[in-house]
Amino acid sequence: MSRPELQAPPEIYYGDTEAKKYTKNTRNQQIQADMTYRALELLNLPPDEPCFLLDIGCGSGLSGEILDEEGYIWAGVDIAPSMLEVALEREVEGDLFLQDIGQGFGFRPGSFDGAISISVLQWLLNAETSHPTSSPPHRLTRFFTTLHSALRNPSRAVFQFYPTSDDQIQLITSIAQKAGFGGGIVVDYPNSKKAKKVFLCLFVGGGGGAQQQIPQGLEGEDDEHARFERRREKLKTKDRSGKRKNIKDRDWILKKKELYRQRGKEGVPRDSKFTGRKRKATF
């Protein structure tokens, strides 16, 4: 990927060295994995389907690796060229786009089955310049309006973010609602200073049924790592015996290939009687 002339806000810009250090830090990896699994849980996707997801602020692909592991197809956008270059070096599976999300998206309507974002949404609250179109309300409006169009009906978008005040939460949720979204705020472990996490869970369509009901936040334990490990195991697809089901069977592979074809991806292998067949062990 070439490096387009796009300057990221200084608060989130990473040089090449910093991007690699951030990606290799095991603590950062763990936090990103925990938040991604929780976002997927709130996304409430149908099991055993290769859905096409948008990772907003994908960085070097730490969340994308979880999406790969869970069998999803994804595209990622990020404003930092150095982070995307690290993602390319790591050969992540998703399609990557250099994008200032405050300028909005240009995806075709209904392109995605859902969207997640980890630790990014709060940056839209920063005014880049004194021009009115760079104000947080303008940037949030462009972001949510174009995102709503890019999501299919029904679907969800889940954002983990770090608000500094109730006024920020009110501004974000009100603009999202004006853009056509339903939903609201989910707070996990609200009484814990260390474990408390804020999620914005947004809905597109759904007809007012279960798909439109705001999930409950988590409460209880203080051991954050152990808690998310248990939730990760719960999220994984299991068969009737309680063992994890192999989601990459023939039907899953065929659905994924068809989705690639619909997106215009070149070089998708042809379907055959050998698709999804397990190879015999050789000695």
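Just the heavy atoms: all of them, side chains too, but no hydrogens, waters or symmetry mates, feed the values below. Residue numbers count from 1 along this sequence. All of these numbers come straight from a predicted model, not from anything done at the bench.
A 4.5 Å side-chain heavy-atom check between I185 and I214 finds every atom pair outside the cut-off. Contact annotation: the side chain of L96 approaches that of C58 to within less than 4.5 Å [non-hydrogen atoms, C-beta and beyond]. By the 4.5 Å heavy-atom criterion applied to side chains, S82 and E18 are not counted as neighbours. Residues I73 and L53 have side chains not in contact (no heavy-atom distance under 4.5 Å, counting atoms from C-beta outward). Proximity of V204 to H148: side-chain heavy atoms (C-beta onward) are separated by under 4.5 Å at one or more points. In this structure the side chain of L147 never reaches within 4.5 angstrom of the side chain of I101, judged on heavy atoms. Residues I172 and F143 form no side-chain contact, since every pair of their non-hydrogen atoms from C-beta on lies 4.5 Å or further apart.
When all heavy atoms of F144 and L121 are compared, the closest pair comes out as CZ-CD1, 4.1 Å. Residues P137 and L171 share a closest heavy-atom pair of CG-CD1, 4.5 Å. What you find for L42 and P215 is that their closest heavy atoms are CD2-CB, 3.6 Å. Contact between P190 and K196 at its shortest, heavy atoms only, is O-CD, 3.9 Å. Shown here for I79 and L98, the closest heavy-atom pair between the two residues is O-CD1, 3.6 Å. Residue P163 comes nearest to F161 through the heavy atom pair CD-O, 3.3 Å, listed as atom of the first residue, atom of the second, then distance.
Between the side chain of Q30 and the main chain of T26, no donor-acceptor pair closer than 3.5 Å is present. In this structure a side-chain-to-backbone donor-acceptor pair under 3.5 Å is missing from R139 to S134. Checked by atom type and distance alone, the side chain of R142 pairs as donor or acceptor with a backbone atom of T133 at under 3.5 Å. Side-chain N or O atoms of R152 include one that pairs as donor or acceptor with a backbone N or O of P154 at under 3.5 Å. Without hydrogens or angle criteria, R90 side chain to S60 main chain gives a donor-acceptor distance under 3.5 Å. A donor-acceptor pair is defined here as one N or O able to donate and one able to accept, closer than 3.5 Å; no such pair exists between the side chain of S149 and the backbone of T146.
D100 contributes atom CG, which lies 8.0 Å from atom CG of L124 (distance to the nearest 0.5 angstrom). Taking CZ of F159 as the reference point, atom CD of Q122 lies at 12.0 Å (rounded to 0.5 Å). Once rounded to the nearest 0.5 Å, the distance linking CG of L84 with CG of D78 reads 5.0 Å. For the atom pair CG (L40) and CE (M35), the distance works out to 12.0 Å, reported to the nearest 0.5 Å. Note that CD of Q29 and OG of S63 are 11.5 Å apart. Values are rounded to the nearest 0.5 Å. Annotation: the span from N44 atom CG to C201 atom SG amounts to 8.5 Å, rounded to 0.5 Å.
With hydrogens and angles left out, the side-chain atoms of T141 and H138 include no donor and acceptor closer than 3.5 Å. Looking at Q160 and S117, their side chains never bring a donor and an acceptor atom within 3.5 Å of each other. One side chain, E69 or Y37, offers a donor N or O that lies under 3.5 Å from an acceptor on the other. Judged purely by distance below 3.5 Å, without hydrogens or angles, the side chains of Q170 and S174 never pair a donor atom with an acceptor atom. Side-chain contact check for W74 and D68: at least one donor-acceptor pair (N or O, by modelled atom type) lies under 3.5 Å.
Taking the six-membered ring where tryptophan is involved, the planes of F112 and F52 are tilted, since the angle between them lies from 30° to 60°.
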Could you check V198 against L200 for side-chain contact (heavy atoms from CB on, under 4.5 Å), going step by step and ending with a plain yes or no? CA-CA 7 Å; V198 178; L200 177 62; over 6 Å; no
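With salt bridges taken as basic N to acidic carboxylate O contacts below 4.0 Å, none links D34 and K197.
The salt bridge (Lys or Arg N to Asp or Glu O under 4.0 Å) test applied to D55 returns no partner, not counting sequence neighbours.
Screening I116, V158, V186, I118 against R38 for a side-chain contact (heavy atoms from CB on, under 4.5 Å) leaves a single residue, V186.
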